[in-house]
Amino acid sequence: MQIQSVLEKKVKEAVKSIFGVDLPTVEFQPTRKDFEGDITAVVFPMLRFVKGNPEVIGTQIGEYLQEQLDEVSGFNVVKGFLNIVISDVFYLDFFNSIKTTNDFGCVAHAGEDAVMVEYSSPNTNKPLHLGHIRNNLLGHSVAEILKASGKKVYKTQIINDRGIHICKSMLAWQKFGKGETPESSGLKGDKLVGNYYVAFDKTYKAEISKMVSEGKVKEVAEKEAPILLEAHEMLQKWEAGDEEVVGLWKTMNSWVYKGFDETYKNLGVDFDQLYFESDTYLLGKDVVADGLKKGVFYKKEDGSVWIDLTDDGLDEKIVLRSDGTAVYMTQDIGTAIQRVTDYPDINGMVYTVGNEQDYHFKVLFLILKKLGFSWSESLHHLSYGMVDLPSGKMKSREGTVVDADDLMDDMTQTAATISQELGKLEDYSDSEKQELYRMIGLGALKYYILKVDPKKRILFNPEESVDFHGNTGPFIQYTYARIQSILRRAVRLDLSGFENLTGLENAIKLHAKEKELIKQIQLFPETIQSAAENFSPALIANYTYDLVKEFNSFYQQVSILGEPNEQKKILRVQLSKKVGEIIQSAFLLLGIQVPERM
RNA sequence: GGUGGCAUAGCUCAGCUGGAUAGAGCACCUGCCUUCUAAGCAGGCGGUCCUAGGUUCGAAUCCUAGUGCCAUCACCA
């Protein structure tokens with residue numbers, strides 16, 4: 001906020017000239033709604049330097065400001081708060097200066113450094129669920145926000161395409177599948193593979209209980225169940241490059257990818273670069289060898305390699321097994337380095353991963369730092385809370401997950417029901433309607449998830465469907481549609497000149513609602529920056545909601561197209577247009593589309 | 001047990017670097033569609049900001065201790 005620095009300078013000047021004291025800083029805050037004024041300077045902190053009655057001091061400063069600054073049109077002092085009234089001209093000038101700016105609030109790509117944002121990173125043995133949705137929405141949105149804040153961004157994911165979990169699905173398919181394919185069954189590929197993962201687990205559990213009933217200890221049975229041993233065998237064959245196993249692996253993964261692509265497309269997320277664990281799982285071993293030489297790591301007697309992080313308040317952590325194979329940490333070290341090699345302009349990475357892995361990333365970043373990588377300073381774990389159901393945690397194997405595709409369909413269906421009840425779109429074609437229902441349903445879902453601070457846990461109750469009133473996506477979309485309706489009408493009324501009108505007369509007296517709206521508009525650029533710094537789409541969501549609330553209040557209290565004064569009418573249309581643009585940009589950052597009508 | 005996160009209205013959440021009588025939405029109650037889309041607006045009801053200390057002119061916010069919930073502490077990820 002430019003005006004604040006002007007005021008700060010003047011307040012210091014005032015204190016210097018009236019009291020002969022230098023103030024180090026001046027504290028400002030937006031004036032509370034119930035007082036007159038726009039910006040408030042807090043007098044209390046000044047008492048440390050200026051002795052006296054805060055009310056008197058505030059008044060003296062206020063008088064000085066009003067006399068010296070055109071922007072200050074009035075003031076009042078309540079207790080230790082100097083409420084400053086900023087002139088309408090200042091707000092009009094500001095609005096005029098930005099009203100034709102495209103992408104207002106966004107910073108064009110500046111600087112050399114790029115950031116890589118990783119999100120999604122699913123396993124290929126089961127379909128995506130609600131937890132992945134939160135992950136995807138967060139990662140995608142943060143990537144967009146970083147872009148808008150001026151960074152170059154690469155979106156990526158590492159696909160967990162190998163390991164025992166996928167062998168379980170493969171084995172079950174071999175045993176019970178009878179050659180079923182997505183084509184033969186009409187099932188989405190990821191769903192089909194997921195079914196076999198569940199089938200494996202069913203058989204596995206049955207074997208365990210049978211063994212237990214035959215007198216085995218449960219823990220032993222869990223390790224020795226025949227089907228599990230078979231899966232392990234399969235994994236070994238895969239690692240040895242067995243043709244049949246690798247062939248099946250490729251086939252089944254290709255089904256899954258096709259299914260994922262569909263889900264991603266529906267969800268509206270995308271990636272610039274994919275990494276596959278089958279390519280990266282051997283990475284990192286040479287780095288460990290290197291670190292061993294440098295003394296970052298040490299070797300235990302059994303040959304396993306560790307790092308001692310006890311001086312940093314953490315524990316000892318293994319980075320290589322005694323048999324020389326990699327653990328996850330090894331891979332993650334290797335993959336991080338690989339990425340910087342692939343994209344040399346990367347200086348920073350964001351990992352969108354649930355908070356259950358907080359410790360892992362703390363360790364990973366610390367290891368990379370100890371290995372001496374300069375970019376290790378700008379690594380960030382975008383840690384988010386779990387999405388839980390009223391019944392507790394979601395478990396794929398137990399079928400207690402909320403499936404991503406189903407959820408999106410349900411939301412679209414709910415949107416359709418509500419829309420049809422309201423019946424405003426009779427002239428839309430079926431496909432137009434369908435598209436709109438999807439837009440609204442997904443808008444509701446995405447907003448619902450993104451408006452919550454990422455680090456907080458979300459309790460999702462499928463019984464109580466996501467709201468469409470109040471602080472919701474559809475409410476904001478609705479406001480956007482209303483604005484478009486005004487703009488269409490404005491064109492029809494031959495007000496087309498409003499786009500290019502400049503140089504509003506300073507004589508216009510702003511309506512209180514207009515002023516509030518401009519103030520809210522003014523906050524958009526700093527909101528983007530702050531959302532980027534905090535990796536928080538929630539800040540964008542909350543800002544947009546405040547803006548929209550302000551707009552609706554304005555819309556209801558003043559007549560826009562019915563305003564007799566031509567200049568005021570034009571200003572109001574322009575304000576509406578700008579608010580619409582901001583809603584659209586802000587929602588783009590959240591990955592939510594906005595409708596022309598609804 | 002060690003470590004980390006969270007705790008604000010009946011429910012879901014805001015609350016920026018400490019600042020004025022702690023804000024929204026949902027739900028409940030009352031008004032407002034002959035006027036730019038009522039998925040809206042205006043208003044009412046509703047709070048020991050988990051507890052106890054401390055720092056400060058001033059604490060939901062910072063510090064300490066405790067309580068509750070969650071996660072994590074594996075040659076799992």
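Each chain gets a letter, A, B and so on, in the order its sequence line appears, and its residues count up from 1.
Using a 4.0 Å cut-off between a side-chain N of Lys or Arg and a carboxylate O of Asp or Glu, Arg162(A) and Glu239(A) qualify as a salt bridge. With salt bridges taken as basic N to acidic carboxylate O contacts below 4.0 Å, one links Asp427(A) and Arg597(A). Ion pairing between a basic and an acidic side chain is recognised when a charged N comes within 4.0 Å of a carboxylate O; Lys455(A) and Asp453(A) show such pairing. Using a 4.0 Å cut-off between charged nitrogen and carboxylate oxygen, Lys223(A) and Glu219(A) do not count as a salt-bridge pair. In summary, Glu581(A) and Lys578(A) engage in a salt bridge, as defined by a charged side-chain N under 4.0 Å from a carboxylate O.
The nucleotide whose nearest atom lies closest to any side-chain atom of Asp467(A) is, among G4(B), C6(B), C26(B), C26(B). Among the nucleotides A20(B), U72(B), A14(B), the one closest to the side chain of Asn542(A) is A14(B). Distances were taken from every side-chain heavy atom of Phe475(A) (C-beta onward) to each of G19(B), G40(B), C36(B); the shortest belongs to G40(B). When distances run from any side-chain atom of Glu27(A) to the nucleotides C73(B), G19(B), A14(B), the shortest one goes to G19(B). You'll find that the side chain of Pro474(A) is closest to A39(B), out of C6(B), A39(B), G25(B). Here the nucleotide nearest the side chain of Ile486(A), chosen from G40(B), U37(B), A20(B), is U37(B). Comparing atom distances between the Arg482(A) side chain and each of A14(B), A39(B), U37(B) picks out U37(B) as nearest.
Gln557(A) comes within contact range of no nucleotide atom at all, as no heavy-atom separation falls under 4.0 Å. Here Val466(A) lies out of heavy-atom contact (under 4.0 Å) with every strand. The residue Tyr545(A) sits close only to the backbone: its heavy atoms come under 4.0 Å of sugar-phosphate atoms, none of a base. In this structure, Met598(A) reaches the bases: a heavy-atom distance under 4.0 Å links it to at least one base atom across the strands shown. Using a 4.0 Å heavy-atom cutoff across all strands shown, Leu320(A) reaches no nucleic acid atom at all. Base contact: Ile318(A) has a heavy atom under 4.0 Å from a base atom. At the heavy-atom level, Asn83(A) lies under 4.0 Å from base atoms of the strands shown. Counting non-hydrogen atoms under 4.0 angstrom, Pro54(A) reaches nothing in the nucleic acid. Note on Ser553(A): only backbone sugar-phosphate atoms sit closer than 4.0 angstrom, heavy atoms only; bases stay farther off. Among the atoms of the strands shown, base atoms are found under 4.0 Å from some heavy atom of Phe44(A). Within the nucleic acid shown, Thr472(A) has no heavy atom closer than 4.0 Å to any nucleic acid atom. Across all strands, Asp546(A) comes closer than 4.0 Å to no nucleic acid atom at all (heavy-atom distances).
Using atom P as the reference point in both A22(B) and A27(B), the two lie 25 Å apart (nearest Å). Taking atom C1' on both nucleotides, U61(B) is separated from U17(B) by 11 Å, rounded to a whole Å. Across the P atoms, G43(B) and A59(B) are found 30 Å apart, a figure rounded to whole Å. Across the C1' atoms, G15(B) and C76(B) are found 40 Å apart, a figure rounded to whole Å. The same atom, P, is picked in A52(B) and in U67(B); the two are 15 Å apart, to the nearest Å. Taking the P atom of each, G5(B) and U64(B) are spaced 11 Å apart, rounded to whole Å. One C1' atom belongs to G46(B), the other to C29(B), and the distance between them is 12 Å to the nearest Å. Nucleotides C11(B) and C50(B) place their P atoms 13 Å apart, quoted to the nearest Å.
For an aromatic pair to be called close, the ring centres must be under 6.0 Å apart, and Tyr119(A) with Tyr384(A) fails this. Phe200(A) has its ring centre no less than 6.0 Å from the ring centre of Tyr197(A).
Between Lys456(A) and A14(B) there is a side-chain N or O to OP1 or OP2 distance below 4.0 Å. Here Arg321(A) does not reach the OP1 or OP2 of A74(B): none of its side-chain N or O atoms lies under 4.0 Å away. Within the 4.0 Å cut-off from OP1 or OP2 of C36(B), not a single side-chain nitrogen or oxygen of Arg572(A) is found. Contact between the side-chain N/O atoms of Tyr359(A) and the OP1/OP2 oxygens of U72(B) is not found at any separation under 4.0 Å. At U37(B), one or more side-chain N or O atoms of Ser485(A) fall inside 4.0 Å of OP1 or OP2 (strictly under the cut-off). For the OP1/OP2 pair of A24(B) and a distance below 4.0 Å, the side-chain nitrogens and oxygens of Lys549(A) include no atom meeting the criterion. Using a 4.0 Å cut-off, no side-chain N or O of His469(A) falls inside it from OP1 or OP2 of G25(B). Between Arg32(A) and A20(B) there is a side-chain N or O to OP1 or OP2 distance below 4.0 Å. Note on Lys451(A): every side-chain N or O is 4.0 Å or more away from OP1 and OP2 of A24(B). In this model, the phosphate group of U21(B) is approached by a side-chain N or O of Lys79(A) to a distance below 4.0 Å at OP1 or OP2.
Base orientation of C50(B): anti (glycosidic angle beyond 90° from 0).
Nucleotide C26(B) holds its P atom 13 Å from the CD1 atom of Ile418(A), rounded to whole Å.
Between Phe460(A) and Tyr448(A), the ring planes lie perpendicular to each other; the angle is over 60°, past the 30° to 60° tilted range.
Summarising the local packing, CD of Glu356(A) is surrounded by more than 12 heavy atoms from other residues, nucleotides or ligands at distances under 6.0 Å. In Lys433(A), the NZ atom is crowded: over 12 heavy atoms of neighbouring residues, nucleotides or ligands sit closer than 6.0 Å.
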Candidate pair Ile57(A) and Phe19(A), rule side-chain contact (heavy atoms from CB on, under 4.5 Å), full reasoning: CA-CA 9 Å; Ile57(A) 295 169; Phe19(A) 307 101; 4.0 Å; yes
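Applying the 3.5 Å distance criterion, the base of A39(B) shares no donor-acceptor pair with the side chain of Thr479(A). For A20(B), its base sits under 3.5 Å from the side chain of Thr40(A) at one donor and acceptor pair at least.
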Canonical and wobble pairing (Watson-Crick, G-U, under 3.5 Å) of RNA chain B, dot-bracket with |: (((((((..((((.....[...)))).(((((.......))))).....(((((..]....))))))))))))....
